Amino acid sequence: MKLFKRDENGPEACSMKAVDEEKLKAAFVRVANKVIKDSDGFIKKMISNIEKVLKENKDEVKLKTIDSRLVELRKQVTNLIRLNSRSSIDSDIYDEEYNRLVLEMENLRSQRLAYTKTEMECKSNYSRVREIEKILNDHEIIKKFDEELFGVLVVQIRVVSLVEVEFILKTGVEVKEII
């Protein structure tokens, strides 16, 4: 089982001394039990965080403004192309105006994509939280390291010091634990 980037990149990639794997496993057992004991609170907090991000991201007025501006810009590009084909506008003027319109469209599409990407990430996180909720509801307090539960909950372990680690859970929560 590889718990650290140190395992992937070698000891020279990490300035921290190696932490005993058994201590890490014991720390995970404590973290997992905290999460299992308070799974309702844990899940509610995660869903609340996701809904908060969605609400902050979901600016319908701004999205409608972007969409209507994109429609307007497409019409302007079409009209510019028609005008050029009918009356042969000076190529420098045509190129300058065409590039300006296309650049604005690309910027707006990037903004729109950022909204969509955040929304998709939130929906994915929401699904992941629901999966974790189901697993936690089926789990009793654990007495020893459970590799399957570890794989479900933890995305990374960050060594804070020789006596403290931080478990970064798949839901985005970071839980510090003494080792």
Side-chain angles (χ1 to χ4, degrees), residues 1-11 13-67 70 107-179:
M1 167 180 71
K2 289 189 176 187
L3 300 177
F4 323 100
K5 288 188 176 187
R6 177 188 190 99
D7 288 344
E8 296 168 7
N9 302 329
C14 180
S15 61
M16 187 66 66
K17 290 186 178 186
V19 176
D20 181 59
E21 190 169 321
E22 292 308 312
K23 287 182 181 180
L24 276 177
K25 287 179 178 180
F28 170 74
V29 169
R30 292 189 300 276
V31 166
N33 285 332
K34 286 178 193 175
V35 171
I36 291 168
K37 282 180 190 173
D38 186 30
S39 64
D40 288 342
F42 176 75
I43 297 302
K44 284 178 185 172
K45 183 178 178 184
M46 292 303 92
I47 290 174
S48 172
N49 288 343
I50 291 168
E51 288 171 349
K52 181 181 173 188
V53 170
L54 269 174
K55 187 176 179 183
E56 289 171 359
N57 183 60
K58 198 76 168 179
D59 186 348
E60 291 296 331
V61 173
K62 187 161 185 165
L63 289 174
K64 285 181 181 179
T65 303
I66 288 172
D67 289 343
L70 281 168
N107 288 335
L108 289 170
R109 284 186 190 125
S110 293
Q111 290 176 29
R112 184 78 164 89
L113 183 62
Y115 279 106
T116 304
K117 183 179 177 187
T118 301
E119 187 175 1
M120 287 173 54
E121 287 172 357
C122 285
K123 287 179 180 178
S124 172
N125 286 341
Y126 185 81
S127 295
R128 201 173 318 144
V129 167
R130 288 298 179 197
E131 289 172 27
I132 290 171
E133 177 183 35
K134 185 179 175 195
I135 290 165
L136 291 177
N137 287 339
D138 293 342
H139 246 283
E140 298 291 323
I141 298 298
I142 61 174
K143 297 192 184 335
K144 62 179 181 138
F145 181 78
D146 182 330
E147 191 161 347
E148 182 181 343
L149 186 60
F150 178 85
V152 167
L153 290 177
V154 179
V155 76
Q156 181 183 3
I157 298 174
R158 187 177 302 135
V159 178
V160 177
S161 69
L162 288 176
V163 294
E164 186 178 36
V165 292
E166 189 171 51
F167 291 88
I168 294 93
L169 305 182
K170 289 185 178 179
T171 56
V173 172
E174 298 174 0
V175 182
K176 288 188 179 184
E177 185 63 37
I178 303 297
I179 51 174

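Only heavy atoms go into these numbers, but all of them, side chains included; no hydrogens, no water, no symmetry mates. Being a predicted model, the structure only gives us computed values, none of them experimental.
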For [X] versus [Y], what's the shortest heavy-atom pair and its separation?
{"X": "Lys170", "Y": "Val152", "value": "CD-O, 3.2 Å"}
{"X": "Ile142", "Y": "Asn33", "value": "N-OD1, 2.7 Å"}
{"X": "Phe167", "Y": "Leu24", "value": "CZ-O, 3.8 Å"}
{"X": "Leu169", "Y": "Val35", "value": "CD1-CG2, 4.3 Å"}
{"X": "Ile36", "Y": "His139", "value": "CG2-O, 3.6 Å"}
{"X": "Lys34", "Y": "Lys176", "value": "NZ-O, 4.5 Å"}

Measuring from atom [atom1] of [X] to atom [atom2] of [Y], what distance do you get when rounded to the nearest 0.5 angstrom?
{"X": "Gln111", "Y": "Leu70", "atom1": "CD", "atom2": "CG", "result": "9.0 Å"}
{"X": "Ser39", "Y": "Lys44", "atom1": "OG", "atom2": "NZ", "result": "10.0 Å"}
{"X": "Lys64", "Y": "Ile66", "atom1": "NZ", "atom2": "CD1", "result": "13.0 Å"}
{"X": "Ser110", "Y": "Lys117", "atom1": "OG", "atom2": "NZ", "result": "11.5 Å"}
{"X": "Lys45", "Y": "Ser48", "atom1": "NZ", "atom2": "OG", "result": "9.5 Å"}
{"X": "Ile179", "Y": "Lys23", "atom1": "CD1", "atom2": "NZ", "result": "6.5 Å"}

Test item: Ser124 side-chain N/O and Met120 main-chain N/O as donor-acceptor pair under 3.5 Å: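 The answer is no, because no donor-acceptor pair under 3.5 Å joins these two groups.
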Side chain to side chain contact (heavy atoms under 4.5 Å, CB included) between Ile141 and Lys37, worked out: CA-CA 7 Å; Ile141 298 298; Lys37 282 180 190 173; 3.5 Å; yes
Pair Glu131-Lys134, salt bridge (charged side-chain N to carboxylate O under 4.0 Å, His left out): steps then yes or no: CA-CA 5 Å; Glu131 289 172 27; Lys134 185 179 175 195; over 6 Å; no
Phe145 and Phe28 aromatic ring geometry - parallel, tilted or perpendicular at 30°/60° bounds: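 Answer is perpendicular, since the angle exceeds 60°.
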Short side-chain donor-acceptor distance under 3.5 Å, Asn125 and Arg128: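 Yes, because at least one side-chain N or O of Arg128 sits under 3.5 Å from a partner of the opposite role on Asn125.
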Test item: Ile43 and Arg130 side chains (from C-beta on) under 4.5 Å apart, heavy atoms: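 Of all side-chain heavy-atom pairs linking Arg130 with Ile43, at least one is under 4.5 Å.
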Close side-chain approach of Leu63 to Arg112, heavy-atom, < 4.5 Å: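 Result yes, sub-4.5 Å side-chain heavy-atom pair found.
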Stepwise side chain to side chain contact (heavy atoms under 4.5 Å, CB included) check, Leu113 with Arg109: CA-CA 6 Å; Leu113 183 62; Arg109 284 186 190 125; over 6 Å; no
Enclosure of Glu174 CD (heavy-atom neighbours >12, cutoff 6.0 Å):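 It does: Glu174 CD has more than 12 such atoms within range.
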